[in-house]
Participant: 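Please find one structure pasted underneath; my questions will follow.
When a ligand or atom number is given, it counts from 1 through the structure's own listing order. Side chains included, hydrogens not; waters and symmetry mates left out as well; all remaining heavy atoms used.
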Amino acid sequence: MKALPVFVLGLALAGCAPKRPPAGVQGDPERGKVAVTQYACQSCHMIPGVPGSKVYVGRPLEDMARRKVLAGGVPNDQAGLVRWIRDPQSVDPNTAMPNMGVSERDALDISAYLLTR
Ligand code: HEC
């Protein structure tokens with residue numbers, strides 16, 4: 001039974017590892033986390049795991065994986081999220097969220113990050 005403590009330690013470490021994206025989610029969540037700060041999304045949104053002040057210009061971007069519908073009525077699947085992040089006005093012409101010029105790859109990675117929070 002010498003292997004047991006190692007096994008238990010392994011389980012404990014696994015609990016601290018970054019969450020895996022849900023099945024079917026593409027992109028790199030770790031890269032997405034960096035991209036979020038590069039585009040300064042946290043200047044308008046509270047984002048889990050991203051330091052910043054408590055701002056409520058846009059809604060907090062937490063529990064994104066559990067939301068069914070986004071602003072403007074766009075379905076909250078990864079494609080809808082990417083579309084919103086890249087060009088919110090294409091979903092809702094009157095939205096207050098600016099078009100941030102986010103690249104396709106960055107939007108994919110950001111959506112992967114948000115969907116793992
Ligand atoms: C200037 C402020 C501002 C910035 C910067 C900003 N947003 Fe937003 N965002 C908003 C506002 C306001 C809304 C709400 C839009 C609405 O309801 O029409 C919103 C909505 C959203 C939504 C939909 C949330 C929901 O609950 O439906 C997502 C996702 C989102 N933003 C992601 C991002 C990401 C990712 C970035 C960085 C690339 C970003 N935002 C940058 C203001 C901003």
Participant: In terms of residue, atom name and distance, what is the protein heavy atom nearest to atom 21 (C) of ligand 1?
Facilitator: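 Sorting protein heavy atoms by distance from atom 21 (C) of ligand 1 puts Trp84 NE1, 3.1 Å first.
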Participant: Looking at ligand 1, would Pro98 count as a contact under a 4.0 Å heavy-atom criterion?
Facilitator: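 In this structure, Pro98 qualifies as a contact of ligand 1 - some heavy atom is under 4.0 Å.
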Participant: Of all the non-hydrogen atoms in the protein, which one sits nearest to atom 36 (C) of ligand 1, and at what distance?
Facilitator: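 Result: Cys41 SG, 2.8 Å.
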Participant: Please report the closest heavy-atom contact between Leu81 and Ser111, naming both atoms and the distance.
Facilitator: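 Result for this residue pair: CD2-CB, 3.7 Å.
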Participant: Of the protein's non-hydrogen atoms, which lies at the shortest distance from atom 29 (C) of ligand 1, and what is that distance?
Facilitator: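 Atom 29 (C) of ligand 1 sits closest to the protein heavy atom Leu81 CD1, 3.6 Å.
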Participant: Is any side-chain heavy atom of Val50 closer than 4.5 Å to a side-chain heavy atom of Gln42?
Facilitator: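 Side-chain contact under 4.5 Å: yes.
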Participant: Using 4.0 Å as the upper bound for N to carboxylate O, is an ion pair formed by Asp63 and Arg67?
Facilitator: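 No, this pair does not count.
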Participant: Which residue supplies the protein heavy atom nearest to atom 10 (C) of ligand 1, what is that atom called, and how far is it?
Facilitator: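 Nearest neighbour among protein heavy atoms for atom 10 (C) of ligand 1, to 0.1 Å: Met97 CB, 3.3 Å.
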Participant: Indicate yes or no: at least one non-hydrogen side-chain atom of Met64 is less than 4.5 angstrom from one of Leu70.
Facilitator: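 Yes, side chains in contact.
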Participant: Could you report the tightest heavy-atom contact between Val55 and Ser43, atom names first, then the distance?
Facilitator: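 Smallest interatomic distance, heavy atoms only, reads CG2-O, 3.7 Å.
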Participant: Students should be able to answer this: which protein heavy-atom is nearest to atom 32 (C) of ligand 1, and at what distance?
Facilitator: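 Going atom by atom, the protein heavy atom closest to atom 32 (C) of ligand 1 ends up being Leu61 CD1, 3.6 Å.
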Participant: Just let me know how Ile110 lines up against ligand 1, side chain, backbone, both or neither, with a heavy-atom cut-off below 4.0 Å.
Facilitator: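 It is the side chain that gets close, since no backbone atom is under 4.0 Å.
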Participant: With a cut-off of 4.0 Å, which atoms of ligand 1 are near a heavy atom of Arg59?
Facilitator: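 With Arg59 as reference, the close atoms of ligand 1 come out as 25 (C), 26 (O), 27 (O).
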Participant: For Arg86 versus Val102, what's the shortest heavy-atom pair and its separation?
Facilitator: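 In terms of heavy atoms, the two residues are closest at NE-O, 2.9 Å.
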Participant: Residue-level breakdown please: for Asn94 versus ligand 1, do any non-hydrogen atoms fall below 4.0 Å on the side chain, on the backbone, on both, or on neither?
Facilitator: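 It is neither part, as no heavy atom is under 4.0 Å.
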Participant: Show me which atoms of ligand 1 lie under 4.0 Å from any heavy atom of Ala71.
Facilitator: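 That gives atoms 15 (C), 16 (C), 17 (O), 25 (C), 27 (O) of ligand 1.
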Participant: Hey, does Asn76 have a side-chain heavy atom less than 4.5 Å from the side chain of Val69?
Facilitator: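 Heavy-atom side-chain distance check fails, nothing below 4.5 Å.
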Participant: Report whether any nitrogen, oxygen or sulfur of Cys44 sits less than 2.8 Å from atom 8 (Fe) of ligand 1 (N, O or S, backbone or side chain).
Facilitator: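 Coordinating: no.
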Participant: Among all protein non-hydrogen atoms, which one is nearest to atom 25 (C) of ligand 1, and what is the separation to 0.1 Å?
Facilitator: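 Checking every protein heavy atom, the shortest distance to atom 25 (C) of ligand 1 gives Arg67 NH1, 3.3 Å.
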Participant: Could you tell me which non-hydrogen atom of His45 sits nearest to which non-hydrogen atom of Arg59, and how far apart they are?
Facilitator: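 Result for this residue pair: ND1-O, 2.8 Å.
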Participant: What residue and heavy atom of the protein are closest to atom 18 (O) of ligand 1, and at what distance?
Facilitator: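 Looking only at protein heavy atoms, the one closest to atom 18 (O) of ligand 1 is Thr95 OG1, 2.7 Å.
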Participant: Which heavy atom of the protein is the closest neighbour of atom 7 (N) of ligand 1, given with residue, atom name and distance?
Facilitator: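 Result for atom 7 (N) of ligand 1: His45 NE2, 2.8 Å.
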Participant: Atoms of ligand 1 less than 4.0 Å from Leu70 heavy atoms?
Facilitator: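 Those of ligand 1 that fall under 4.0 Å from Leu70 are 27 (O).
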Participant: I'd like to check which ligand 1 atoms, numbered from 1 as shown, lie under 4.0 Å from a non-hydrogen atom of Val102.
Facilitator: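 Close to Val102: 38 (C).
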Participant: Looking only at heavy atoms, which two atoms of Thr95 and Pro88 are closest? And how far apart?
Facilitator: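 The pair with the smallest heavy-atom distance is CG2-CB, 3.7 Å.
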